[in-house]
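We count ligands from 1, going down the list as the structure has it; atoms in each ligand are counted the same way.
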Amino acid sequence: MKKVDYLIIGQGIAGLSFAYQLMNAGKSFLVVDTPQLKSSSSVAAGIMNPITGRRYVKSWMFDDLLKEAEQFYSSLETLLDCRVFHRIPIVRSLFNHQEEQDWWIRRQDQDYIPYMHPPMNNDAFPKGFKKVFAFAKVAKGGRVDIHGLVEAFKVYLNERGLIISDLLDYKSLDLRDDHCVWKEQSFGKVICCEGAHVMNNPFFRHLPFNPSKGEVLIIKAPELEGNSVFKNRIFIVPVDPPFYWVGSQYKRSYTDDNPEAESKHFLTERLEEVMDSPYEIIEHKAAIRPTVKDRKPFLGVHPDHSCLYLFNGLGTKGASLAPYFSKHLYAFISEGQPLMAEADIKRFY
Ligand SMILES: Cc1cc2nc3c(=O)[nH]c(=O)nc-3n(C[C@H](O)[C@H](O)[C@H](O)COP(=O)(O)OP(=O)(O)OC[C@H]3O[C@@H](n4cnc5c(N)ncnc54)[C@H](O)[C@@H]3O)c2cc1C
């Protein structure tokens, strides 16, 4: 029987990142991924946003995540000969005097200065948008072309016979004490990276996932400047100007992962509020994010099957979390290094 070190279920950004850690460590692996299911990675804008929310709070672990992500994506760009990581400022609208004051106050904190430029008055407001009270730029933000990366990596794996296109049936996994047999191949370990489809996985679906549906529009807007991400209630992201990603919606309650007319209406209304130049809607897409109640990643080993692991819970931040936490999970598996308590699935056992 052929022996392989790892089987990875799912090739979104989670499965891709773990596979890349294995490649760098010289381990053998096989990825199984199906086009029958919609992946969150194919819809995401890939924004890495250091300053979030109305209170302008620094994103959890952002310095460490950014450092790891820069190295990780740059190395993949070399391997795949494509550009996926874009350093790009995020322009945030400030709607009134109070918001401008709050920005200044937060900026007094030394930790925040590298990330928050001073507010600017609306004379310099980005072209093509309706002016508001003022605006400010968030520095050190980035955007990862997650979809492009996943597709390019799939081609790379395919050319080397390292991926198969199949919907894995969990009943076909024969889990033994220290390995697993699947389709007459023996795997030392199985890493489950199914995103929100983890709800079909009988070994891990009991964990408190709290998936959220997101919907986006792709628009063509020739008069926008295209050199920054624009945040004004919604994000408007230059993916390939004049094409922009507009999103997104957060829905906890939904019946399927198809785009809904009501969400298109919501996004169009927001666009009308911010745009001051012509645009055309090209596409409307939806997917389910693998979000978790406490908004932290979900890593760890199954309590009863020592060869079965989970790499999930990337939620709204797959682009920034995947590089760091794939490395972290691999160090746990290969060297026995402890998992961060906040990310370990044990926190819910
Ligand atoms: C609208 C929207 C906007 C977003 N914007 C951002 C953003 O700006 N920045 C950011 O960082 N993140 C963003 N995200 C979140 C990001 O998409 C996720 O964090 C990330 O893509 C999750 O990756 P994943 O690999 O865990 O899951 P997925 O990308 O969903 O991949 C899971 C893969 O597993 C496969 N699979 C599942 N079950 C099986 C099975 N049984 N057999 C075989 N294959 C299987 C699926 O086919 C899929 O390919 C956004 C998400 C949405 C929906």
Distance-only N or O hit between ligand 1 and [X], under 3.5 Å:
X    : answer
H197 : no
G214 : no
I9   : no
E215 : no
I47  : yes
N312 : no
V43  : no
A287 : no

Between the candidates [options], which shows the shortest non-hydrogen contact distance to [atom]?
atom                    : options               : result
atom 30 (O) of ligand 1 : G46, A14, S40, S320   : S40
atom 18 (C) of ligand 1 : S17, G315, C193, G247 : G315
atom 48 (C) of ligand 1 : A69, G142, P35, S39   : S39
atom 29 (O) of ligand 1 : G15, S41, G318        : S41
atom 2 (C) of ligand 1  : Q36, R289, M199       : R289
atom 39 (C) of ligand 1 : N200, V150, L37       : L37

I'd like to know if [X] contacts ligand 1, where contact means a heavy-atom distance under 4.0 Å to any ligand atom.
X    : result
T316 : yes
F298 : no
Y170 : yes

What is the closest protein heavy atom to [atom], and at what distance does it sit?
atom                    : answer
atom 34 (O) of ligand 1 : G10 CA, 3.2 Å
atom 31 (O) of ligand 1 : G12 CA, 3.4 Å
atom 14 (N) of ligand 1 : A44 CB, 3.5 Å
atom 27 (O) of ligand 1 : G195 CA, 3.3 Å

Within a 6.0 Å radius of atom [atom1] on [X], are there more than 12 heavy atoms belonging to other residues, nucleotides or ligands?
X    : atom1 : result
R55  : CZ    : no
K130 : NZ    : yes
D177 : CG    : no
K285 : NZ    : yes

Would you mind telling me if ligand 1 is within reach of the side chain of [X], the backbone, both or neither, using heavy atoms under 4.0 Å?
X    : result
W245 : side chain
V237 : neither
P290 : side chain

Does the side chain of [X] pick up a donor-acceptor pair with the side chain of [Y] at under 3.5 Å?
X    : Y    : result
E215 : S263 : yes
S212 : Y254 : no
Q98  : D102 : yes

* Name all residues meeting the salt bridge (charged side-chain N to carboxylate O under 4.0 Å, His left out) criterion together with D174; count only those two or more places apart in sequence or in a different chain, and write none if there are none. =>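 For D174 the salt bridge (charged side-chain N to carboxylate O under 4.0 Å, His left out) partners, ignoring immediate neighbours, are R176.
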
* Asked: Taking the inter-plane angle between the rings of F187 and W182 on a 0 to 90° scale, is it parallel (under 30°), tilted (30 to 60°) or perpendicular (over 60°)?
  ->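 Answer is tilted, since the angle falls between 30° and 60°.
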
Distance under 6.0 Å and angle within 45° of ring axis: [X] vs [Y]:
X    : Y    : value
R289 : Y250 : yes
R106 : Y112 : yes
R83  : F85  : no

* To do: Please report the C-alpha distance between T291 and N210 in whole Å, then the side-chain angles of each, then the deciding distance to 0.1 Å, and finally whether the side chain to side chain donor-acceptor pair (under 3.5 Å) criterion is met.
  => CA-CA 5 Å; T291 25; N210 194 16; over 6 Å; no

